[in-house]
There are 2 protein chains.
Amino acid sequence: METPKIKNTDNLPPFAAGARVRYNKNQKMTKQRTETKMELLANCLEKRGLKSTKQRHYIADTFFRSNTHISLEELHKKVKRKSPRAGYATVYRTMKLLTECGLAIERQFGDGQTRFENVPEDGHHDHLICLKCSEIVEFQNETIEQLQDKTATELGFNVVRHKLELYGYCKNCK
Amino acid sequence: METPKIKNTDNLPPFAAGARVRYNKNQKMTKQRTETKMELLANCLEKRGLKSTKQRHYIADTFFRSNTHISLEELHKKVKRKSPRAGYATVYRTMKLLTECGLAIERQFGDGQTRFENVPEDGHHDHLICLKCSEIVEFQNETIEQLQDKTATELGFNVVRHKLELYGYCKNCK
DNA sequence: TTGCTAAATGATATCGACTTTCAATTTCAT
DNA sequence: ATGAAATTGAAAGTCGATATCATTTAGCAA
Ligand SMILES: [Mn+2]
Ligand SMILES: [Mn+2]
Ligand SMILES: [Zn+2]
Ligand SMILES: [Zn+2]
């Protein structure tokens with residue numbers, strides 16, 4: 001039997017590859033960054049006494065080159081194009097590893113799927129999500145961030161992370 | 001066999017009954033509001049051609065009297081004190097109904113559990129969540145709301161709802 | 001190179017939080 | 001009271017995430 005784990009493989013995903021608005025203005029930058037990240041990963045593996053394997057390389061490389069908020073299912077599909085025998089579990093484990101290494105960010109946009117994105121070189125951002133076409137647009141707003149901290153401080157909290165998601169309709173869908 | 005659905009019933013829940021900071025200053029208000037809500041529910045049921053049942057009454061009443069962000073499991077446990085044969089599925093269906101009627105809000109704070117809270121009479125609020133003791137503090141910040149809308153508008157979005165959660169350590173836990 | 005040993009892999013099983021199904025029960029308009 | 005339609009509770013199903021385990025592989029050492 002084929003992997004019965006993944007069901008809704010071919011109906012369009014709830015949050016398909018959303019266009020990003022800030023990154024990867026040109027391919028050169030992406031390429032360079034990917035190489036750097038592979039080195040960072042190599043360091044991280046060595047530091048932990050982990051082995052450098054073909055699968056990890058394929059999966060990380062595929063992820064680093066993706067500029068979307070990608071689900072495990074989507075990533076697994078991509079990886080299998082180059083490495084058809086790669087298992088879903090290995091993709092899962094590798095993305096967990098990349099997250100621990102600080103090379104991936106786990107996101108949860110409210111559909112049932114965990115998504116991963118590359119760590120942005122220009123700092124934290126939040127997300128706008130179109131309820132119709134699932135486009136995801138990223139934004140940074142320092143004023144909001146400051147107000148969040150101020151509010152938290154007033155209530156006696158130390159904020160270590162936050163989640164700000166704006167759901168609505170994009171230019172094309174409103 | 002007992003319901004095998006609910007597993008982690010007795011180890012402390014990841015987001016236990018968090019103290020609220022804004023509501024239910026006195027019990028009178030809660031009581032009055034609960035009665036009003038029961039009427040609203042009755043209207044909603046009638047409008048939909050649904051029946052008024054003992055279970056719905058118990059569940060809604062228990063929920064309206066709770067002033068926490070309560071999970072189905074927690075609510076089910078409470079309901080069973082008065083109505084021991086009440087099933088989890090009925091609690092689930094009733095909370096779905098209350099949500100559709102605009103009498104409950106579904107929340108997702110990042111642990112695997114969906115939580116429900118009463119609709120506040122003083123409008124929308126967002127949440128601070130303690131990563132250690134799971135206290136949940138509510139806040140309102142109109143400036144942040146406006147900045148969200150402004151940001152979205154600049155990027156061509158119409159926001160219909162949003163999610164803002166600040167995770168950190170509360171007064172007692174920092 | 002060749003073994004050796006620990007780590008990694010991939011198929012499969014399991015978990016857990018819902019969500020649906022269905023036979024038995026209850027509501028409520030006649 | 002009666003009967004059609006809705007509701008209930010137990011159980012089964014769903015589905016993404018995670019664990020298990022036999023087999024394979026990486027990397028070190030002889
Ligand atoms: Mn992003
Ligand atoms: Mn709240
Ligand atoms: Zn759109
Ligand atoms: Zn705390």
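Below, chains carry the letters A, B, ... as their sequence lines are ordered, and counting in each starts from 1.
Atom NE2 in A:H57 sits about 13 Å away from atom P in C:dT9, given to the nearest Å. As a whole-Å value, the separation of B:Q113 CD from C:dC15 C1' is 14 Å. Counting to the nearest Å, the P atom of C:dG16 and the CD atom of B:Q108 are 17 Å from each other. B:Q55 has its CD atom 11 Å from the C1' atom of C:dT27, to the nearest Å. Atom P of nucleotide D:dG9 and atom NZ of B:K80 are separated by 11 Å, given to the nearest angstrom. Between the P atom of D:dC15 and the OH atom of A:Y88 lies a distance of 13 Å, rounded to the nearest Å.
The pair B:E74-B:R115 meets the salt-bridge criterion, since a charged nitrogen lies less than 4.0 angstrom from a carboxylate oxygen. Classification of B:E154 and B:K150 as a salt-bridged pair holds, one side-chain N sitting under 4.0 Å from a carboxylate O.
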Measure all distances between protein nitrogen or oxygen atoms and nitrogen or oxygen atoms of nucleotides 27-30 of chain D, and list the pairs falling under 3.5 Å.
from   : atom 1 : to    : atom 2 : distance (Å)
D:dG27 : OP1    : A:S52 : N      : 3.1

Pairs under 3.5 Å (N/O, protein and nucleotides 22-24 of chain C):
none

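The distance from atom CG of B:L128 to atom NE2 of A:H162, rounded to the nearest 0.5 Å, is 12.0 Å.
A donor and an acceptor atom, one from each side chain of A:K37 and A:N118, are located under 3.5 Å apart.
Each of A:E106, A:R107, A:Q108 was compared with A:T114 under the side chain to side chain donor-acceptor pair (under 3.5 Å) criterion, and only A:Q108 meets it.
Residues B:L155 and A:F139 are in side-chain contact: their nearest non-hydrogen atoms beyond the backbone lie under 4.5 Å apart. Counting only heavy atoms from C-beta outward, the side chains of A:H127 and A:H69 approach each other to under 4.5 Å.
Comparing D:dT18, C:dT19, C:dA17 by their nearest atom to the side chain of A:Y92 picks out D:dT18. Residue B:A89 places its side chain closer to D:dA10 than to any other of D:dA10, D:dA17, D:dA19.
Contact annotation: A:R85 reaches the phosphate of C:dA11 (side-chain N/O to OP1 or OP2, under 4.0 Å). Phosphate contact (OP1/OP2 of C:dA8, side-chain N/O of A:T90, threshold under 4.0 Å): absent.
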Under 3.5 Å, which donor-acceptor pairs link side chains of residues 89-101 of chain A to any protein atom two or more places apart or in another chain?
from   : atom 1 : to    : atom 2 : distance (Å)
A:T94  : OG1    : A:T90 : O      : 2.8
A:T99  : OG1    : A:M95 : O      : 2.8
A:E100 : OE1    : A:R48 : NH1    : 3.0

